[in-house]
Amino acid sequence: MPSLWDDLDSLMNTPSSFDIKTGERGTIKPKEDFDAEDDAVALRMAIEGLGTKEEILIDVLSHRSNAQRQLICEAYLEATGRTLLEDLKEDTGGDFGSLLVALITPPAVFDCHEVRKAISGAGTACRILIEIFASRSNEQIKVLNDIYLQETERKLSHDLKVELSGDFCNALLLLAEGKRDESTTVDPEQALEDAQTLYEAGEKKWGTDESKFVDILCERSIPQLRQTLVEYKNISGKTLQQSIEGEMSGELEALLVAVIKCVKSVPTYFAECLYDSMEGGGTDEATLNRIMVSRSEIDLLDIKAEFKRLYNYSLHSAIESDLSCEHRDCVKAICGGDD
């Protein structure tokens with residue numbers, strides 16, 4: 001059965017999600033007539049009153065841009081002498097509390113904290129590292145690195161080398177340096193040469209030369225890689241994703257497949273991740289929160305459209321049926337209306 005990722009026909013003419021600027025395709029927009037002091041007062045009353053008014057927390061924090069939330073945090077500190085972060089942690093909990101904390105955290109700091117959690121726990125959470133570094137732009141990754149250095153006084157690359165090994169480590173380090181070529185012009189000869197190199201490093205030989213896959217997939221520009229994917233299928237008869245899934249296994253396979261999916265379509269990749277987070281027994285609330293918050297001002301409208309196209313029901317309805325209580329209400333508010 002053909003995979004949803006096998007179609008390459010429209011690839012070269014589809015805009016890359018890496019080029020989308022914050023605010024263009026998000027569900028959350030800056031609030032007009034915004035007043036940080038008024039919002040800080042509303043949040044203070046919701047928190048300090050008898051019983052937390054969760055609906056007020058949701059209404060304010062899910063209908064302001066992240067930049068506006070930072071101004072609310074400043075106004076809240078000035079008015080109360082306490083940080084909004086501390087009060088939210090003290091007054092809310094569970095997945096709902098984690099979601100509110102994520103909403104008031106600057107995007108790059110949130111990414112940094114997710115990476116830190118992924119590599120500091122018992123056993124590295126490679127899936128989180130894969131999701132973040134396969135989908136972020138060079139600019140996002142560079143800011144993440146700066147914050148990581150500020151917070152830990154260590155380079156992210158140093159800690160990744162300590163925690164990881166082998167070709168997976170090499171690939172993740174390349175992505176985590178944020179040095180992917182950003183040229184918008186495509187070199188057809190280079191694409192053909194790279195496709196041939198990949199074919200000879202995998203399908204055509206006994207055993208796979210993973211390093212060739214790592215170098216090409218983690219360093220070439222997005223437009224260049226799209227052309228390479230087309231050339232590879234012409235040479236091999238298979239998609240590069242199919243070849244990687246047949247030739248590799250484990251974390252390296254998962255990372256390179258995620259890179260290819262994001263080269264094709266970041267919104268489709270995240271629609272699939274959201275589906276997986278809610279499919280089957282139990283919900284992966286941490287993944288759901290991370291994607292909904294991190295994409296809410298970038299491309300969540302496109303993710304919603306892809307979700308509906310792939311699964312024939314809306315992301316909004318999936319959230320409605322899969323979550324409960326105030327956590328559900330807040331995720332639905334971030335998602336925006338049904339479609």
Side-chain angles (χ1 to χ4, degrees), residues 4-5 17 20 22-31 39 42-43 46-47 51-66 68-69 72 88-89 91-105 107 110-111 114 127-128 131-132 135 261 265-339:
L4 66 97
W5 295 103
S17 306
I20 293 175
T22 297
E24 288 182 5
R25 300 294 299 155
T27 53
I28 295 180
K29 312 285 186 186
K31 183 181 186 293
D39 284 345
L43 292 174
I47 290 170
T52 305
K53 307 291 192 296
E54 286 88 355
E55 66 275 10
I56 295 175
L57 301 181
I58 293 169
D59 185 56
V60 172
L61 295 177
S62 67
H63 293 95
R64 310 292 186 272
S65 68
N66 192 279
Q68 290 176 331
R69 290 181 216 125
I72 294 170
L88 287 176
K89 283 183 173 179
D91 221 56
T92 63
D95 299 312
F96 175 57
S98 298
L99 183 58
L100 295 181
V101 167
L103 283 169
I104 65 165
T105 305
F110 180 59
D111 273 356
E114 292 294 292
R127 188 174 44 77
I128 296 172
E131 176 201 304
I132 289 175
S135 65
K261 287 179 176 180
S265 170
V266 172
T268 308
Y269 170 71
F270 278 120
E272 196 177 68
C273 290
L274 285 170
Y275 176 82
D276 290 343
S277 76
M278 292 183 279
E279 181 66 6
T283 301
D284 181 354
E285 287 89 352
T287 294
L288 182 66
N289 282 356
R290 183 174 56 253
I291 295 173
M292 294 299 290
V293 171
S294 65
R295 310 313 292 188
S296 62
E297 293 182 62
I298 300 174
D299 55 3
L300 191 50
L301 288 172
D302 297 326
I303 293 168
K304 287 172 63 176
E306 284 300 289
F307 193 98
K308 183 78 173 280
R309 183 179 72 84
L310 296 175
Y311 305 114
N312 296 315
Y313 58 92
S314 69
L315 177 58
H316 190 278
S317 65
I319 292 163
E320 177 72 51
S321 62
D322 217 65
L323 305 179
S324 60
C325 303
E326 56 270 5
H327 182 226
R328 175 196 60 208
D329 295 341
C330 194
V331 176
K332 278 168 55 183
I334 295 167
C335 182
D338 203 356
D339 45 31

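Basis for what follows: all heavy atoms, side chains included, without hydrogens, waters or symmetry-related copies.
Rounded to the nearest 0.5 Å, atoms CD1 (I303) and CZ (R25) are 11.0 Å apart. Going from atom OG1 of T105 over to atom CG of D111 covers 11.0 Å, rounded to the nearest 0.5 Å. Atom CG of L103 and atom OG of S296 lie 7.0 Å apart (nearest 0.5 Å). How far SG of C273 is from CD1 of I291: 4.5 Å, rounded to the nearest 0.5 Å. The CD1 atom of I47 sits 6.0 Å away from the CG atom of D91 when rounded to the nearest 0.5 Å.
For S317, the side-chain hydrogen bond (donor to acceptor under 3.5 Å, both in side chains) criterion is met by S314, not counting sequence neighbours. Every side-chain contact (heavy atoms from CB on, under 4.5 Å) that A102 has, sequence neighbours left out, goes to F110, V293. Residues satisfying the salt bridge (charged side-chain N to carboxylate O under 4.0 Å, His left out) criterion with D59, sequence neighbours excluded, are absent altogether. Listed by chain and number, the residues in a side-chain contact (heavy atoms from CB on, under 4.5 Å) with D276 are E272 (sequence neighbours excluded). Here I128 pairs with E114, A118, A125, I132, R290 under the side-chain contact (heavy atoms from CB on, under 4.5 Å) rule; sequence neighbours left out. Scanning for ring-ring contact (aromatic ring centres under 6.0 Å, His included) contacts around F307 gives Y311, Y313, with sequence neighbours left out. Under the side-chain contact (heavy atoms from CB on, under 4.5 Å) criterion, S324 pairs with no residue, sequence neighbours left out. For D95, the side-chain hydrogen bond (donor to acceptor under 3.5 Å, both in side chains) criterion is met by no residue, not counting sequence neighbours.
Within the 4.5 Å cutoff, no side-chain heavy atoms of L288 are placed close to those of D322. Here the side chains of E131 and F270 are in contact, with some heavy-atom distance below 4.5 Å. Looking only at side-chain heavy atoms (C-beta outward), P107 and I298 stay at 4.5 Å or farther from each other. L300 has its side chain within reach of M292: a pair of non-hydrogen atoms, C-beta onward, lies under 4.5 Å apart. Taking the side chain as every heavy atom from C-beta outward, L88 and L43 never approach each other to under 4.5 Å.
The list of salt bridge (Lys or Arg N to Asp or Glu O under 4.0 Å) pairs with a residue in residues 277-286, not counting sequence neighbours, reads R127-D284. Annotation: salt bridge (Lys or Arg N to Asp or Glu O under 4.0 Å) contacts involving residues 311-321, sequence neighbours excluded, comprise E320-K332.
A donor-acceptor pair under 3.5 Å is formed between the side chain of R69 and the backbone N or O of L61. For S321 (side chain) and A318 (main-chain N/O), a donor-acceptor pair under 3.5 Å exists by modelled atom type. With hydrogens and angles ignored, the 3.5 Å screen pairs a side-chain donor or acceptor of E297 with a backbone N or O of N66.
The shortest heavy-atom contact between G336 and H316 is O-CD2, 3.0 Å. Nearest approach of R64 to I28, heavy atoms of both residues: O-CG2, 3.3 Å. The two atoms that bring C335 and K304 nearest to each other are O-NZ, 2.9 Å, heavy atoms only. Considering all non-hydrogen atoms of both residues, A42 and I56 come closest at O-CG2, 3.8 Å. Residues S277 and L274 share a closest heavy-atom pair of OG-O, 2.7 Å. Across all their heavy atoms, G26 and L301 have their closest contact at O-CD1, 3.4 Å.
When the options I58, V331, D329 are evaluated for a side-chain contact (heavy atoms from CB on, under 4.5 Å) with F96, the one that passes is I58. Between R295 and the options V266, T27, D302, a side-chain contact (heavy atoms from CB on, under 4.5 Å) holds for only V266.
Side-chain atoms of N289 and S98 form no donor-acceptor pair, as typed in the model, at a separation below 3.5 Å.
Crowding of K31 atom NZ: a count of heavy atoms from other residues, nucleotides or ligands under 6.0 Å exceeding 12.
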